Amino acid sequence: MTTHTARPLDALTLKQLRTADDGGRPPTAVTDTEGGAPLRCCLRHSRPGESTALVSYAPLRRWAAATGVDPGAYDERGPVFIHAEECPGPADDDGLPFTNSHRVLRRYAADGRILGGRLVEEPDDHGTALTEAFADPEVALVHVRAVEYGCFLYEVRRP
């Protein structure tokens with residue numbers, strides 16, 4: 001069985017987003033009174049009392065810049081929650097996070113083109129859906145997104 005690894009936002013990206021987000025705005029730290037925000041820095045839900053920031057993030061743009069491709073029309077940015085200050089990142093044994101709800105898996109080619117997507121409705125189907133996505137040799141990475149808001153949750157790259 002193939003193991004798929006959810007990739008949190010990397011340390012350099014987080015440092016940049018804590019200065020100015022991908023929309024050019026400085027972040028505003030808030031104390032999360034209720035908890036439950038999906039944090040992209042450590043791939044878990046926030047806890048009441050934690051300091052978080054909602055920032056604009058362009059996942060495909062950043063990946064494309066690092067790989068030297070043009071994201072073209074698929075360049076988009078959207079809101080993501082992060083800890084307002086540096087955090088230790090995800091635990092090593094967390095598996096695939098945020099599988100407790102419907103998710104959309106968007107597949108992308110190495111040249112930045114979108115290759116389609118899939119709605120995943122059952123928590124236990126995420127691993128299978130990723131295995132099926134990477135069965136296509138053209139798929140270089142998959143973005144896992146929330147259905148309700150379309151928010152980027154994390155990226156999975158070819159194993």
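Along the sequence shown, residues are numbered consecutively beginning with 1. What you are looking at is a predicted structure, and each value in this text was computed from that prediction instead of being measured.
Considering all non-hydrogen atoms of both residues, Cys151 and Arg40 come closest at CB-NH2, 3.5 Å. Residues Pro90 and Cys41 approach most closely at CD-O, 3.6 Å, considering heavy atoms.
A donor-acceptor pair shorter than 3.5 Å cannot be found between the side chains of Thr52 and Asp32.
A distance of 10.0 Å separates OG in Ser51 from CD1 in Ile82, rounded to the nearest 0.5 Å. Atom-to-atom distance recorded for Arg118:CZ and Arg103:CZ is 15.0 Å, nearest 0.5 angstrom. Here CZ of Arg18 is found 8.5 Å from NE2 of His83. Values are rounded to the nearest 0.5 Å. Residue Phe152 holds its CZ atom at 9.5 Å from CG of Leu60, rounded to the nearest 0.5 Å. Rounded to the nearest 0.5 angstrom, Arg157 CZ and Tyr108 OH are separated by 13.5 Å. For the atom pair OG1 (Thr131) and NE2 (His4), the distance works out to 3.0 Å, reported to the nearest 0.5 Å.
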Original post:
Where do Val120 and His102 land on the side chain to side chain contact (heavy atoms under 4.5 Å, CB included) test, with the steps shown first?
Top reply: CA-CA 6 Å; Val120 180; His102 298 106; over 6 Å; no
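Each of Pro26, Pro79, Pro27 was compared with Val55 under the side-chain contact (heavy atoms from CB on, under 4.5 Å) criterion, and only Pro27 meets it. Asp22 pairs in a side chain to side chain donor-acceptor pair (under 3.5 Å) with only one of the listed residues (Arg61, Arg62, Arg77), which is Arg62.
Two different hydrophobic clusters hold Leu54 and Leu17 under the rule that ILVMFWY side chains link at heavy-atom gaps under 4.5 Å. Under the 4.5 Å side-chain heavy-atom criterion for Ile, Leu, Val, Met, Phe, Trp and Tyr, Val142 and Tyr154 are members of the same hydrophobic cluster. No continuous path of hydrophobic side-chain contacts links Leu39 to Leu153 [ILVMFWY only; heavy atoms under 4.5 Å]. No continuous path of hydrophobic side-chain contacts links Leu119 to Phe98 [ILVMFWY only; heavy atoms under 4.5 Å]. No path of Ile, Leu, Val, Met, Phe, Trp and Tyr side chains, each step under 4.5 Å between heavy atoms, connects Leu105 with Val80, placing them in separate hydrophobic clusters.
Within a 6.0 Å sphere centred on CD of Glu148, heavy atoms belonging to other residues, nucleotides or ligands number more than 12. Crowding of Glu85 atom CD: a count of heavy atoms from other residues, nucleotides or ligands under 6.0 Å not exceeding 12.
Taking the side chain as every heavy atom from C-beta outward, Arg7 and Pro59 never approach each other to under 4.5 Å. For the pair Ser101/Val147, no side-chain contact is recorded, criterion being any heavy-atom separation below 4.5 Å from C-beta on. With a 4.5 Å cut-off on side-chain heavy atoms, Leu141 and Trp63 count as touching. At least one side-chain heavy atom of Leu130 sits less than 4.5 Å from a side-chain heavy atom of Leu96. Leu14 places none of its side-chain heavy atoms less than 4.5 Å from the side chain of Glu86.
Side chain of Arg145 to backbone of Gly150: a donor-acceptor contact under 3.5 angstrom is found.
Here Arg44 pairs with Glu50 in a salt bridge; the nearest charged N to carboxylate O distance falls below 4.0 Å. Using a cut-off of 4.0 Å between Lys/Arg side-chain N and Asp/Glu carboxylate O, Glu138 and Arg107 are scored as not salt-bridged.
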